[in-house]
Participant: 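My questions all concern the structure below.
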Amino acid sequence: MTGSVPTAENGIYTTIGGRNAREILEEAGEGASAVLAHGACAHWAPVQAARPHPTGVVGADRIIRHLVA
């Protein structure tokens with residue numbers, strides 16, 4: 001994956017085919033033994049997570065908890 005994952009307002013800030021980024025990431029990680037998060041935004045959501053933080057973005061590690069070592 002690339003980019004951070006918006007969580008505020010049910011993830012409406014990133015939708016693909018009527019599904020939000022969180023739903024897509026959760027589905028991809030469901031049976032995965034690994035998920036590659038490419039870049040700082042996908043890992044930690046640094047700039048986007050700065051206050052006031054209206055979109056509630058997080059990195060992949062906050063969504064796919066079972067793969068975090």
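Heads up: numbering here begins at 1 and tracks the sequence. Computed over heavy atoms, backbone and side chain alike; hydrogens, waters and symmetry mates excluded.
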Participant: Which atom pair, heavy atoms only, marks the closest approach of Ala45 to Gly59?
Facilitator: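 Looking at all heavy atoms of both residues, the shortest contact is CB-N, 3.9 Å.
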
Participant: Please answer: with hydrophobic residues joined when any side-chain heavy atoms are less than 4.5 Å apart, are Val5 and Val35 in the same cluster?
Facilitator: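 Yes, Val5 connects to Val35 through the hydrophobic network.
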
Participant: Val58, Leu25: one ILVMFWY side-chain cluster at the under-4.5 Å cut-off?
Facilitator: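 Val58 and Leu25: one cluster.
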
Participant: Specify the closest pair of heavy atoms between Pro46 and Ala40, including all atoms of both residues, with the distance to one decimal.
Facilitator: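 Reported closest heavy-atom pair: CD-O, 3.3 Å.
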
Participant: Looking at every heavy atom in both Ala37 and His43, which two are closest together, and how far apart are they?
Facilitator: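 Closest heavy-atom pair between Ala37 and His43: O-NE2, 2.6 Å.
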
Participant: I need the minimum non-hydrogen distance between His38 and Ala42, along with the two atoms involved.
Facilitator: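 Between these two residues, the closest heavy atoms are O-CB, 3.6 Å.
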
Participant: Ignoring hydrogens, what is the shortest heavy-atom contact between Gln48 and His53? Give both atom names and the distance.
Facilitator: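 Of all heavy-atom pairs spanning Gln48 and His53, the closest is O-CD2, 3.4 Å.
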
Participant: What are the two closest heavy atoms between Ile63 and Glu26, and how far apart are they?
Facilitator: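 So the minimum-distance heavy-atom pair works out to CG2-CG, 3.6 Å.
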
Participant: So if I apply the side-chain contact (heavy atoms from CB on, under 4.5 Å) rule between Asn20 and each of Thr14, Thr7, Asn10, which one comes out positive?
Facilitator: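 When side-chain contact (heavy atoms from CB on, under 4.5 Å) is applied between Asn20 and each of Thr14, Thr7, Asn10, only Asn10 qualifies.
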
